[in-house]
K.L.:
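The structure that follows is given in the form of structure tokens.
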Amino acid sequence: MKIKIGFGILVFFALMALVGPLLIGADPAATSEDGLQGPSAEHWLGTTQTGQDILTQLVYGARISMGVGVLSAVIANLLAILVGLVGGYFGGAVDEVLSVLTNIFLVLPALPLIIVLAGYLPQRGVGSVAVVIAVTGWAWGARVLRAQTLSVRRRDFVQAARASGEGPLRIIFFEIMPVLLPVIATSFLATVVAAILAEAGLSFLGLADLSTVSWGSMLYFAQNGQALLIGAWWWFIPPGLCIALIGTGLALVNFGIDEIANPRLRTVKVKVRKART
């Protein structure tokens, strides 16, 4: 049930990001004389201080915010897979070096590091922001994958593949990694949530590219326009609500995958059902 609800939320926002701009067709940066108007038949979610349509900005912002989240998660998980699986499989000096590197990134405060790195970016485009978020968000996934690889590498099918003469890289990516796909999927979804929140935080602080419309930049301009003080709730609630909803959807899918992949959670769930009956 959790996966169905979460997947439905994700499909809605994915369609908003992919198809929404094509259906609306308007320019999210276009201004008008209808400044600070509440929701109406002409402007369903109201307008900003300069007359920009909130609904149009919300739809276009979905593409940027979700794009940064997915791109950051892809980069971060590739780093986590490389470091975690290689270190866990080889062990020894390789594992020690990679573990030290992982521990360094784990103890560094993520948000201040993101802010510092973003502040020195020569260009603050979507790709640059995604890379900065990914560089600071791969370590936890690498730690989890390393622990799982240490366990899986002792199993019979890995020993059989090694005895048959398969190379280390083939064993890592074709024998061990498929077994860890539920863990990788869980890490990916968690990273997407963190990346969307990080992008919103950077945009809110003015450290991202404010020339592109995202949910974070909408909150930035709403804060600069003192939307809360003047009671323009339609300016800041929609982007904030979208961030909360997509985080909820990703979390529900994450919990659902965890329940399916984790035998202990399945056992507890069965026991709870039996106790209720």
Side-chain angles (χ1 to χ4, degrees), residues 66-114 116-118 120-121 123 125-199 202 250-251 253-254 257-258 260-262:
M66 293 184 66
V68 170
V70 173
L71 181 58
S72 299
V74 169
I75 298 172
N77 275 266
L78 287 176
L79 291 173
I81 290 170
L82 183 62
V83 173
L85 269 66
V86 170
Y89 177 79
F90 285 104
V94 174
D95 184 35
E96 289 182 5
V97 172
L98 294 178
S99 293
V100 170
L101 180 64
T102 303
N103 290 333
I104 290 174
F105 277 89
L106 280 174
V107 299
L108 289 175
L111 183 58
L113 181 60
I114 291 174
V116 171
L117 292 176
Y120 286 97
L121 285 176
Q123 294 181 348
V126 174
S128 301
V129 173
V131 170
V132 168
I133 296 173
V135 166
T136 59
W138 62 270
W140 179 254
R143 173 62 63 188
V144 174
L145 289 174
R146 173 188 174 274
Q148 295 294 324
T149 305
L150 288 172
S151 174
V152 173
R153 72 176 184 175
R154 298 185 180 91
R155 295 185 182 177
D156 293 338
F157 71 93
V158 176
Q159 299 296 335
R162 190 181 293 115
S164 66
E166 292 189 10
L169 293 180
R170 181 173 177 80
I171 294 175
I172 290 172
F173 294 108
F174 290 93
E175 300 291 342
I176 295 178
M177 193 171 74
V179 179
L180 302 181
L181 283 180
V183 179
I184 295 172
T186 300
S187 176
F188 178 82
L189 294 175
T191 308
V192 172
V193 176
I196 291 175
L197 292 174
E199 188 278 332
L202 287 176
L250 289 166
V253 174
N254 205 345
I257 293 175
D258 202 20
I260 295 173
N262 194 332

K.L.:
For the residue pair L71 and A130, what are the closest heavy atoms and their distance?
P.N.:
CD2-CB, 3.6 Å
K.L.:
Does either side chain, that of R146 or that of S99, offer a donor lying less than 3.5 Å from an acceptor on the other one?
P.N.:
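A donor-acceptor contact under 3.5 Å links the two side chains.
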K.L.:
Can you tell me how far CG of L202 sits from CG of L197, rounded to the nearest 0.5 angstrom?
P.N.:
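With rounding to 0.5 Å, CG (L197) is 11.0 Å from CG (L202).
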K.L.:
Taking only residues two or more places apart in sequence, or in another chain, which ones meet R162 in a side-chain hydrogen bond (donor to acceptor under 3.5 Å, both in side chains)?
P.N.:
Y89, Q159
K.L.:
Atom CZ of R154 and atom OG1 of T149: how far apart are they, to the nearest 0.5 Å?
P.N.:
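Answer for the CZ-OG1 pair, R154 versus T149, is 11.0 Å.
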K.L.:
Indicate the atoms forming the closest heavy-atom contact of I114 with A198, along with that distance.
P.N.:
CD1-CB, 4.2 Å
K.L.:
Specify the closest pair of heavy atoms between G141 and A80, including all atoms of both residues, with the distance to one decimal.
P.N.:
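Where G141 meets A80 most closely, the heavy atoms are C-CB, 3.8 Å.
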K.L.:
Dump the intermediate steps for side-chain contact (heavy atoms from CB on, under 4.5 Å) on I75 and W138, then the final yes or no.
P.N.:
CA-CA 8 Å; I75 298 172; W138 62 270; over 6 Å; no
K.L.:
For L108 and T136, what are the C-alpha separation, side-chain angles and deciding distance, and is it a side-chain contact (heavy atoms from CB on, under 4.5 Å)?
P.N.:
CA-CA 9 Å; L108 289 175; T136 59; over 6 Å; no
K.L.:
Supply the atom-to-atom distance I176 CD1 to L181 CG, rounded to the nearest 0.5 angstrom.
P.N.:
12.5 Å
K.L.:
When you measure from the side chain of S164 to the backbone of A161, do you find a donor-acceptor pair of N or O atoms at a distance under 3.5 Å?
P.N.:
yes
K.L.:
Quick one: does any side-chain atom of N254 pair with a main-chain N or O of T186 as donor and acceptor, under 3.5 Å?
P.N.:
yes
K.L.:
Please report the closest heavy-atom contact between S72 and A134, naming both atoms and the distance.
P.N.:
O-CB, 3.5 Å
K.L.:
Does any part of the side chain of W140, heavy atoms only, come nearer than 4.5 Å to the side chain of T191, both counted from C-beta?
P.N.:
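Contact flag for T191/W140 side chains = no.
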K.L.:
Among all residues two or more places apart in sequence or in another chain, which pass the side-chain hydrogen bond (donor to acceptor under 3.5 Å, both in side chains) test with E166?
P.N.:
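None.
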K.L.:
Applying side-chain hydrogen bond (donor to acceptor under 3.5 Å, both in side chains), can you list everything that pairs with R153, at least two apart in sequence or on another chain?
P.N.:
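For R153, no residue satisfies side-chain hydrogen bond (donor to acceptor under 3.5 Å, both in side chains) once neighbours in sequence are set aside.
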K.L.:
Evaluate the side-chain proximity of F157 to V152: yes if any heavy-atom separation is below 4.5 Å, no if none is.
P.N.:
yes
K.L.:
Rounded to the nearest 0.5 Å, what separates atom CG in L250 from atom CD1 in I196?
P.N.:
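Between L250 CG and I196 CD1, I get 6.0 Å after rounding to 0.5 Å.
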K.L.:
Restricting to non-hydrogen atoms, name the atom on F90 and the atom on P168 that form the minimum distance, rounded to 0.1 Å.
P.N.:
CZ-CB, 3.6 Å
K.L.:
How far apart are the closest heavy atoms of D95 and G88, and which atoms are they?
P.N.:
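Looks like OD1-N, 4.2 Å.
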K.L.:
With rounding to the nearest 0.5 Å, note down the distance linking CZ in R143 to CG in L98.
P.N.:
10.5 Å
K.L.:
Could you walk me through whether L85 and L180 pass the side-chain contact (heavy atoms from CB on, under 4.5 Å) test, one step at a time?
P.N.:
CA-CA 10 Å; L85 269 66; L180 302 181; 4.1 Å; yes
K.L.:
To the closest 0.5 Å, what do you measure between CG (L145) and CG (N77)?
P.N.:
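It comes to 7.5 Å.
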K.L.:
Quick check: do I184 and M177 have side-chain heavy atoms less than 4.5 Å from each other?
P.N.:
yes
